[in-house]
Amino acid sequence: MFKAITLTKDPDAFAARVAQLDESQLPEGDVTVRVAYSTVNYKDALAITNASPVVRRWPMVAGIDGAGVVEVSSHPLWRVGDEVILNGWGVGETHWGCLSQRARLSGDWLVRLPAGMGARQAMAIGTAGYTAMLCALALAKQGVTRELGDVLVTGATGGVGSIAVAILAKWGFRVVASTGKAAEADWLKALGAAEVIGRETLSPPGKPLQKERWAGVIDSVGSHTLANACAQSKYRGVVAACGLAQGMDFPGSVAPFILRGVRLIGVDSVMAPRTDREEAWARLAADLAPAVVDSIATPIGLAEAIARAPDVLAARIRGRLVVDVNA
Ligand code: NDP
């Protein structure tokens, strides 16, 4: 028997609870993982509160992220005792997830825990941090360098945002952090932000072309914020868009793209190929000091993941929630 957060709809009443499950109930898969830590990403919070249709098969075990040890494997890449990370691939949406003490997964989905990184640290980073690294690498691959000017990070106290601030600062960029939490300005500066601006400067409707400010942008917010970030990008600036915390709409114009050559790069972590994941995790291990990761993370237990999910959606969390599935 093991504990997990189950999500049920019977037939209309939704429930999220910590339940005892039997290993015989686990889904198909060629690797069984003894999960040590998971996390509550924005998407997990949507699933746990049933706020949007993240879950597409019922009943579901929540948790799009997990880190732990291989317990059983018939996959050629993985042996008993290997330490692994799982991010995405529809886990916690269509396949039972990792807010659980056990998960049965496809070995094709797993990435090796980088040397020097613990499972708790990996989940303090989680999909949010891995996506922040995919975005930062996208800027670098498009030729954004610190000499070209300031980079903007929106939703800066969130999971993606806070880790993006830390990565870009570590890479030597002058980072401008946009946040709705003015009280967290000192925390953002400790992470590496050179300047903190209020999110209200970016969230209302704006003009199609505005004063050129950003050589690069990592945006986890979408909607008018993304449109304004594009409108304020410098000539040939690069905007990496990964999120929708303000909205899924994109109420912008093509003016920044056709008159300033601004490049808008979409970033998806869920189905990203293994090579991209391995590159991102290797860079996260190399570039994020454990003390920085610890300063971003708040530890909680399995039941608390349910209680805190509404706080994630209401942007009442600073940084990341790390779930000890055995607590
Ligand atoms: P968090 O909840 O940790 O952070 C989101 C942050 O966005 C908040 O902390 C807040 O930051 C800001 N925010 C919230 N509401 C609004 C609003 N109405 N207007 C403007 N800003 C707002 O989430 P994550 O960092 O984990 O994820 C961020 C987004 O990225 C989500 O939409 C998520 O679904 C998406 N995502 C996408 C991935 C992909 O593969 N493309 C992978 C991971 C995440 P502040 O208070 O500092 O302004």
Side-chain angles (χ1 to χ4, degrees), residues 33-45 63-69 83-87 98-99 101 111-137 153 155-173 175 177 179 181 183-194 196 218 220 269 277 280-305 307-309 311-312 315-327:
V33 176
R34 192 168 71 246
V35 181
Y37 290 91
S38 183
T39 176
V40 186
N41 291 285
Y42 192 87
K43 191 186 268 181
D44 295 311
I64 70 166
D65 278 341
V69 176
E83 293 186 287
V84 293
I85 302 172
L86 179 285
N87 301 117
C98 296
L99 278 163
Q101 293 171 325
V111 170
R112 202 170 295 281
L113 188 71
M117 185 184 279
R120 185 172 56 85
Q121 207 186 337
M123 287 298 101
I125 294 168
T127 280
Y130 142 63
T131 303
M133 181 55 87
L134 291 177
C135 290
L137 288 168
V153 174
T157 68
V160 173
S162 56
I163 296 175
V165 168
I167 293 167
L168 293 171
K170 168 79 179 167
W171 290 0
F173 286 96
V175 182
T179 182
K181 302 185 191 80
E184 301 295 353
D186 287 344
W187 183 76
L188 287 167
K189 286 182 178 165
L191 280 181
V196 177
I218 294 181
S220 60
S269 67
R277 291 166 187 263
W281 278 103
R283 291 299 297 264
L284 286 160
D287 296 348
L288 276 185
V292 172
V293 177
D294 286 343
S295 74
I296 287 169
T298 303
I300 60 171
L302 204 51
E304 271 181 283
R308 300 296 295 276
D311 293 336
V312 173
R316 286 192 292 262
I317 304 290
R318 181 185 81 178
R320 305 264 305 132
L321 295 175
V322 187
V323 181
D324 179 346
V325 299
N326 296 304

* Find the distance between CZ (Arg277) and CZ (Arg112) and round it off to the nearest 0.5 Å. => 15.5 Å

* Output, in order, the C-alpha distance, side-chain angles, deciding distance and verdict of side chain to side chain contact (heavy atoms under 4.5 Å, CB included) for Gln101 and Val35. => CA-CA 5 Å; Gln101 293 171 325; Val35 181; 5.8 Å; no

* To do: Can you measure from CD1 (Ile125) to CD1 (Ile163) and round to the nearest 0.5 angstrom?
  => 6.0 Å

* Sequence neighbours excluded, which residues qualify as salt bridge (Lys or Arg N to Asp or Glu O under 4.0 Å) partners of Lys170? -> none

* Kindly compute the distance separating CD (Glu304) from CG (Leu321), expressed to the nearest 0.5 Å. => 8.5 Å

* Please report the closest heavy-atom contact between Gly192 and Val175, naming both atoms and the distance. => O-CB, 4.3 Å

* To do: Indicate yes or no: at least one non-hydrogen side-chain atom of Ile85 is less than 4.5 angstrom from one of Pro114.
  => yes

* **Arg120 bridged to Asp324 by N-O distance under 4.0 Å** => no

* Under the side-chain contact (heavy atoms from CB on, under 4.5 Å) test, residues paired with Ala309 that sit two or more places apart -> Ala45, Ile48, Thr49

* **Sequence neighbours excluded, every pair satisfying salt bridge (charged side-chain N to carboxylate O under 4.0 Å, His left out) that has a member inside residues 128-137** => none

* Asked: Hey, are the side chains of Pro299 and Tyr37 touching, using non-hydrogen atoms and a 4.5 Å cut-off?
  -> no

* To do: Return the minimal non-hydrogen interatomic distance between Ala166 and Val292, and the atom names on each side.
  => CB-CG1, 3.9 Å

* Are Val33 and Val84 close enough, and set up right, to give a side chain to side chain contact (heavy atoms under 4.5 Å, CB included), and what steps lead you there? -> CA-CA 8 Å; Val33 176; Val84 293; 4.0 Å; yes

* Residues in salt bridge (Lys or Arg N to Asp or Glu O under 4.0 Å) with Glu184, at least two apart? -> Arg318

* Structure fact -> Of all heavy-atom pairs linking Cys98 and Val325, the shortest is O-CG1, 4.0 Å

* Calculate, to the nearest 0.5 Å, the distance between atoms CG and CZ belonging to Leu288 and Arg283 respectively. => 10.5 Å

* Would you confirm whether Asp44, through its side chain, and Ile64, through its main-chain N or O, come within 3.5 Å as a donor-acceptor pair? => yes

* Asked: If we only count heavy atoms from C-beta on, is the Met117 to Trp281 side-chain gap below 4.5 Å?
  -> yes

* side-chain contact (heavy atoms from CB on, under 4.5 Å) partners of Ala67, counting only residues at least two apart -> Ala119, Ala122, Met123

* Asked: Ala305 and Val323: which non-hydrogen atoms are nearest, and at how many Å?
  -> CB-CG2, 4.1 Å

* To do: Looking only at non-hydrogen atoms, find the nearest pair between Val165 and Ala193 and report the distance.
  => CG1-N, 3.7 Å

* **Met133 side chain near Asp287 side chain, heavy-atom distance below 4.5 Å** => yes

* Asked: Taking the side chain as C-beta and beyond, is there a heavy-atom pair between Val40 and Arg308 under 4.5 Å?
  -> no

* Leu188 side chain near Thr179 side chain, heavy-atom distance below 4.5 Å -> yes

* Are any of the side-chain heavy atoms of Leu284 and Ile167 separated by less than 4.5 Å? -> yes

* **Derivation and outcome, side chain to side chain contact (heavy atoms under 4.5 Å, CB included), residues Leu168 and Val153** => CA-CA 9 Å; Leu168 293 171; Val153 174; 3.7 Å; yes

* Asked: Taking the side chain from Ser38 and the backbone from Asp65, do they hold a donor-acceptor pair closer than 3.5 Å?
  -> yes

* Shortest non-hydrogen separation from Ile218 to Ala136 and the atoms involved -> CD1-N, 3.7 Å

* To do: With sequence neighbours left out, write down each residue that passes side-chain contact (heavy atoms from CB on, under 4.5 Å) with Ala297, or none if nothing qualifies.
  => Ala124, Val322

* To do: Indicate whether the side chain of Arg320 and that of Thr39 have a donor and an acceptor atom separated by less than 3.5 Å.
  => yes

* Asked: Less than 4.5 Å apart, any side-chain heavy atom of Val111 and any of Asn87?
  -> no

